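In this text the structure is predicted, and so the values were computed from the model without any measurement.
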Amino acid sequence: MRIYNTMTGTKEEFVPLKKDCVGMYVCGPTVYNYIHIGNARSFVVFDMVRRYFEYRGYDVTFVQNFTDIDDKIIRKANEEGASVFEVSERYIGEYFKDADALGIERATVYPRATRVMEDIISFISDLVGKGYAYGTQDGVYFSVEKFKDYGKLSKKNTDDLISGARVDVNEQKKNPLDFALWKLAKPGEPYWESPWGQGRPGWHIECSVMSSKYLGNPFDIHGGGPDLVFPHHENEIAQSEAKSGVRFVNYWMHAGYLNIDNQKMSKSLGNFFTVREILDRYDPMTVRFFMLSAHYRNPINFSFELLDQAQVGLDRIKNCVFRLRELKGRAGECAGDKEVLQYAEEQRQNFISSMDDDFNTAEAISHIFNMVSFANTRIDDGSGQAAIDCAADAVTELMGVLGISLDIKKELLDEEIERQIEERQQARRRKDYAAADNIRDELKAKGIILEDTPQGVRWKRR
RNA sequence: GGCGACGUACCCAAGUGGCUAAGGGAGAGGUCUGCAAAACCUUUAUGCCCCGGUUCAAAUCCGGGCGUCGCCUCCA
């Protein structure tokens with residue numbers, strides 16, 4: 001497998017630290033609000049990565065944190081007159097609702113900043129002891145100039161950053177780029193005891209602490225959104241490597257942005273949709289399919305039109321599997337067809353080689369569509385039972401690797417609808433097509449699509 | 001200003017040195033059907049932002065433009 005590593009800017013052959021095992025850490029949400037659809041993209045992307053590793057036989061340890069203490073959470077809690085704990089707890093719950101809907105598998109562990117406070121404090125103590133950190137009147141800071149490799153991930157050099165001069169004013173800091181490891185609490189703010197006084201951890205430190213706690217140093221893969229490259233991941237590297245003296249992470253992976261009107265979706269611009277809003281209007285699997293229809297590192301533009309396109313594409317795949325499953329019962333009438341079997345295996349291999357090449361889901365999906373087309377052409381000519389199963393299984397399996405369930409389970413219609421379908425069939429038999437079409441329209445209004453096939457009436461929900 | 005990414009058909013989107021440039025959507029024509037839907041067949045880029053260059057050979061490499069976007073500040 002080849003993976004694009006942000007650190008080196010090239011695709012590299014993936015060599016795990018431990019044979020057949022992968023340790024990956026993905027930066028999770030700061031829980032003060034619902035996640036938006038842009039946040040969701042990177043979670044979907046890394047879920048796809050994780051699923052693919054598992055498909056290829058790796059044992060994956062997947063760690064994703066919750067940032068459950070931070071300025072924004074404090075602000076939100078104050079606004080609502082709630083405690084920080086209540087706010088974070090609530091939005092962790094909401095996160096799981098969205099993530100579950102999108103088919104994102106649960107992580108192996110979900111560490112939270114507030115639950116690893118002792119580890120954080122001892123980590124910072126180490127840094128202070130080694131001379132990488134210093135205290136000020138408002139906290140403890142990491143001294144960037146002590147870490148000579150600072151900027152190696154984001155390809156920035158400290159001189160340019162300083163002259164860029166968009167850093168906040170804080171006379172206490174020795175260098176404008178220095179960042180907080182520990183923030184002392186202002187009156188009324190929640191706090192934890194520490195050798196430097198009552199306070200809370202800075203944002204970057206938790207990820208260094210939690211990743212090393214569960215995965216050690218170095219570990220295989222660290223992922224996150226593209227806007228985390230600088231400064232968050234850069235700072236993680238500085239802290240972790242300063243402390244441990246060894247490489248922090250072997251492969252850095254970053255997803256592309258999900259844009260809207262070709263611009264980054266962001267809360268300050270107000271141009272974002274929450275996952276919740278979108279899921280009111282679209283099947284979550286459609287959203288997931290849309291997100292995976294482009295390569296994970298490329299930016300994708302979000303629009304309802306594109307979502308509609310994705311939905312039609314996904315329906316094509318679902319229809320095919322549906323038809324194949326339907327044929328199962330009539331297998332005896334079909335002639336054998338080894339070709340389908342072979343074709344399915346061929347496309348499966350193509351899928352794998354696309355995915356092996358830095359998780360090229362766009363190309364991988366094209367092989368699924370090829371499989372669908374091939375199967376569709378054979379449905380009418382007739383294929384053997386094994387071949388039909390094989391085709392349906394292959395499509396279902398590969399979509400499953402992408403985390404997209406086809407959900408073609410048979411559900412029962414209520415009696416009223418059942419009766420209407422029968423009524424329409426009678427109308428058709430007596431060639432009363434006006435009445436038949438009427439009923440079809442009525443059902444359509446209820447979300448039931450009818451299709452007349454040589455095997456009888458088929459229905460599906462829209 | 002510094003650093004970086006991207007620009008492929010009407011739309012989305014792979015391909016990054018060499019068979020006739022994947023795949024999906026949309027459109028057009030056809031098969032099937034009472035009609036519709038689904039499905040199938042045919043069709044839609046002699047060309048991959050522009051201009052140079054390297055090469056037997058470039059969408060793919062190099063140089064220069066133009067355009068779009070991002071990071072440099074909390075942000076997935």
Side-chain angles (χ1 to χ4, degrees), chain A residues 6 9 26-30 35-46 70-72 151 154-157 159-168 176-177 203 223-232 234 254-259 261-269 272 289-290 293-295 297-301 303 305-320 322-323 350 354 357 360-370 372-373 375-381 427-428 431-434 436-437 440-441 444 449-454 457-460:
Chain A
T6 308
V26 175
C27 292
T30 300
I35 59 167
H36 70 226
I37 192 86
N39 303 140
R41 182 190 186 190
S42 55
F43 298 135
V44 164
V45 161
F46 290 107
D70 134 288
D71 293 358
K72 290 190 288 286
S154 54
K155 316 285 184 287
K156 296 179 187 305
N157 69 67
D159 294 340
D160 287 346
L161 283 167
I162 292 168
S163 63
R166 291 212 293 181
V167 281
D168 60 336
L177 298 178
W203 175 40
D227 41 7
L228 297 183
V229 176
F230 187 91
H232 186 238
E234 199 69 70
H254 293 94
Y257 280 116
L258 186 143
N259 294 326
D261 296 327
N262 277 317
Q263 282 198 310
K264 179 182 171 180
M265 196 175 271
S266 85
K267 300 205 167 163
S268 52
L269 283 169
F272 65 93
F289 186 67
F290 163 72
S293 65
H295 185 91
R297 281 189 284 114
N298 288 150
I300 52 176
N301 210 25
S303 77
E305 190 195 339
L306 263 19
L307 232 31
D308 289 337
Q309 285 193 13
Q311 188 167 82
V312 180
L314 181 55
D315 280 346
R316 178 172 164 80
I317 295 170
K318 283 165 119 171
N319 281 337
C320 173
F322 193 92
R323 295 174 75 205
N350 288 342
S354 294
D357 185 15
N360 193 338
T361 53
E363 194 174 82
I365 287 170
S366 79
H367 303 307
I368 296 177
F369 274 114
N370 287 340
V372 165
S373 293
N376 274 334
T377 60
R378 290 313 169 97
I379 285 174
D380 295 331
D381 342 13
R428 291 182 70 212
K431 302 220 190 299
D432 184 356
Y433 295 119
D437 290 350
R440 187 166 60 195
D441 289 344
K444 191 177 179 182
I449 308 281
L450 294 188
E451 293 175 10
D452 300 322
T453 75
V457 187
R458 195 164 77 204
W459 66 272
K460 63 183 178 188

| task | Assess A:Lys156 against A:Phe230: is NZ or CZ under 6.0 Å from the centre of the six-membered ring, and within 45 degrees of the ring's axis? | result | yes
| said: Counting primed atoms plus P, OP1 and OP2 as sugar-phosphate and everything else as base, spell out the protein contacts along nucleotides 7-14 of chain B at 4.0 Å heavy-atom distance: B, S or - for each nucleotide, 5' to 3'. | reply: ----BSSS
| query | Under 4.0 angstrom, heavy atoms only, what part of the nucleic acid is A:Gly38 near: base, sugar-phosphate, or nothing? | reply | base
| With A:Asn298, which residues qualify under side-chain contact (heavy atoms from CB on, under 4.5 Å), at least two apart? | A:His295
| field | Watson-Crick or G-U wobble mate for B:A39, both contacts under 3.5 Å | value | B:U31
| said: I'd like the C1' distance from B:A9 over to B:U44, given in whole Å. | reply: 8 Å
| request: Give A:Gly9 one of three labels, base, sugar-phosphate or nothing, depending on what nucleic acid heavy atoms sit under 4.0 Å from its own. | output: nothing
| field | B:G4 phosphate, OP1 or OP2, under 4.0 Å from A:Lys156 side-chain N/O | value | no
| message | Regarding A:Ile35, tell me which of base, sugar-phosphate or nothing describes its non-hydrogen contacts under 4.0 Å with the strands shown. | response | nothing
| C1'-based separation of B:C50 from B:A59 [nearest Å] | 14 Å
| task | Indicate for each nucleotide in nucleotides 33-45 of chain B, in 5' to 3' sequence, whether protein heavy atoms under 4.0 Å reach the base (B), only the sugar-phosphate (S), or nothing (-). | result | -BBBBSSSS----
| request: Using a 4.5 Å cut-off on heavy atoms from C-beta on, say whether the side chain of A:Ser154 contacts that of A:His232. | output: no
| request: Look at all strands and tell whether A:Lys155 reaches a base, only sugar-phosphate, or nothing, counting heavy atoms closer than 4.0 Å. | output: sugar-phosphate
| query | Taking atom NZ of A:Lys155 as the centre, does the number of heavy atoms from other residues, nucleotides or ligands within less than 6.0 Å exceed 12? | reply | yes
| note | Scanning both residues in full, the closest heavy-atom pair of A:Ala294 with A:Thr361 reads O-OG1, 3.3 Å
| When all nucleic acid strands are considered with a 4.0 Å heavy-atom cut-off, which category describes A:Phe43: base, sugar-phosphate, or nothing? | nothing
| N-O pairing of A:Lys444 and A:Asp441 below 4.0 Å | no
| B:U16 to B:C40 separation - P atoms, rounded to the nearest Å | 28 Å
| task | Return the orientation label for the A:His36 and A:Phe272 ring planes: parallel under 30°, perpendicular over 60°, tilted otherwise. | result | tilted
| said: Please determine whether a side-chain nitrogen of the Lys or Arg among A:Lys264 and A:Asp227 lies less than 4.0 Å from a carboxylate oxygen of the Asp or Glu. | reply: yes
